[in-house]
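Note that these values count all heavy atoms, side chains included, but never hydrogens, waters or copies made by symmetry. Positions are given from 1 along the sequence.
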Amino acid sequence: EKGGGSFVRDLFIGKTDNNSSGVGVQLSVNPHLWQASLDILSSTMPLASVDSNSGIIISDWYNLKGNQDERVKISVLIKTRELRADGVKVSVFKQKLKASTWSNIKINPLIVQKLERKIVEKAGSIANIRD
């Protein structure tokens, strides 16, 4: 990965590791899956935790469509160094506010499946551009 790299990745690497300029960082997970996950999540919601060593990205709680009574949180785990369809695991948590208390709601499994597929597709297109 020669060249300018990614502004988003460099931003987060700099944020989590103040001793590193983000130059020559070796990811322990697939860089294309990592980049795709970062791009997709950070374009929609604030990120609470980004750890390239463990391959985990966790979003902050995010209100959907301006609805203050529902919120979601997404975590992405990159499981492999290879670009594989099963190399990414997404978990989505959804809560609804009832009587000043947040309670968990079931998520349609298709949402998780679609998000995983989107990450893998984007990772594939990133890989094709770079390779």
Side-chain angles (χ1 to χ4, degrees):
E1 288 186 16
K2 295 194 184 332
S6 161
F7 172 75
V8 175
R9 185 173 61 221
D10 293 347
L11 190 66
F12 285 107
I13 290 170
K15 201 178 207 181
T16 56
D17 180 6
N18 294 329
N19 299 330
S20 169
S21 63
V23 176
V25 173
Q26 182 63 43
L27 293 176
S28 55
V29 294
N30 181 274
H32 309 304
L33 287 171
W34 179 255
Q35 186 64 53
S37 301
L38 263 184
D39 288 353
I40 289 169
L41 276 190
S42 67
S43 69
T44 308
M45 50 188 43
L47 301 181
S49 177
V50 176
D51 183 357
S52 59
N53 289 327
S54 60
I56 297 174
I57 302 169
I58 303 171
S59 79
D60 221 338
W61 284 106
Y62 179 76
N63 293 97
L64 293 170
K65 299 176 199 153
N67 181 352
Q68 297 303 307
D69 294 342
E70 283 188 8
R71 64 185 187 176
V72 295
K73 183 176 202 158
I74 299 175
S75 72
V76 177
L77 170 64
I78 310 299
K79 303 188 292 185
T80 65
R81 290 190 57 81
E82 299 83 33
L83 178 49
R84 297 174 16 174
D86 63 350
V88 62
K89 173 158 179 18
V90 171
S91 301
V92 179
F93 307 94
K94 188 173 182 182
Q95 293 184 335
K96 190 164 187 72
L97 186 60
K98 294 179 189 160
S100 305
T101 306
W102 289 103
S103 33
N104 294 324
I105 316 173
K106 280 210 181 297
I107 287 285
N108 180 341
L110 282 178
I111 293 172
V112 171
Q113 203 174 56
K114 284 181 181 176
L115 188 51
E116 287 176 345
R117 208 172 284 142
K118 175 92 172 150
I119 289 170
V120 171
E121 285 171 12
K122 185 170 177 82
S125 64
I126 291 171
N128 287 337
I129 291 166
R130 291 189 184 165
D131 296 343

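- Side-chain atoms of Asp69 and Asn63, non-hydrogen and from C-beta on, never get closer than 4.5 Å to each other.
- For the pair Leu38 and Leu47, the minimum side-chain heavy-atom distance is below 4.5 Å.
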Side chains of residues 82-94: which donor-acceptor partners sit under 3.5 Å, not counting sequence neighbours?
unit_1	atom_1	unit_2	atom_2	d
Arg84	NE	Asp86	OD1	2.9
Arg84	NH2	Asp86	OD1	3.0
Arg84	NH2	Asp86	OD2	2.9
Lys94	NZ	Glu70	OE1	3.4

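- Across Ala123 and Ala36, no two heavy atoms sit closer than the pair N-CB, 3.5 Å.
- Side chains of Val112 and Leu115 form no contact here, defined as non-hydrogen atoms less than 4.5 Å apart.
- With contacts defined as side-chain heavy-atom distances shorter than 4.5 Å, the pair Tyr62/Arg71 does not qualify.
- Hydrophobic clustering keeps Leu97 apart from Ile107 (ILVMFWY residues linked when any side-chain heavy atoms are closer than 4.5 Å, directly or through intermediates).
- Taking all atoms of both residues into account, the shortest heavy-atom contact from Ser28 to Ser52 is OG-O, 3.2 Å.
- In this structure, CD on Glu116 lies 11.0 Å from CG on Leu33, to the nearest 0.5 angstrom.
- Residue Ser103 holds its OG atom at 9.0 Å from NZ of Lys96, rounded to the nearest 0.5 Å.
- Note on Val72: it clusters hydrophobically with Ile111, by side-chain heavy-atom contacts below 4.5 Å among ILVMFWY residues.
- Rounding to the nearest 0.5 Å places NZ of Lys73 at 11.0 Å from CG of Asn104.
- Closest heavy-atom contact between His32 and Ile126: ND1-CG2, 3.7 Å.
- Once rounded to the nearest 0.5 Å, the distance linking CD1 of Ile56 with CD1 of Ile78 reads 10.0 Å.
- A side-chain donor-acceptor contact under 3.5 Å links Ser59 to the backbone of Ile74.
- If you take CE on Met45 and CD1 on Ile40, they are separated by 12.0 Å, rounding to the nearest 0.5 Å.
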#### Entry: Audit row: Asn128, Ser125, side chain to side chain donor-acceptor pair (under 3.5 Å) steps and yes/no
CA-CA 5 Å; Asn128 287 337; Ser125 64; over 6 Å; no

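- With a 4.5 Å cut-off on side-chain heavy atoms, Gln113 and Arg117 count as touching.
- Inter-residue side-chain proximity for Leu77 and Val29 is flagged as unmet; no heavy-atom pair is nearer than 4.5 Å.
- With contacts defined as side-chain heavy-atom distances shorter than 4.5 Å, the pair Trp61/Gln95 qualifies.
- Rounding to the nearest 0.5 Å places OG of Ser37 at 4.0 Å from CD1 of Ile119.
- Counting heavy atoms from C-beta outward, Ile57 and Ser49 have side chains that stay 4.5 Å or more apart.
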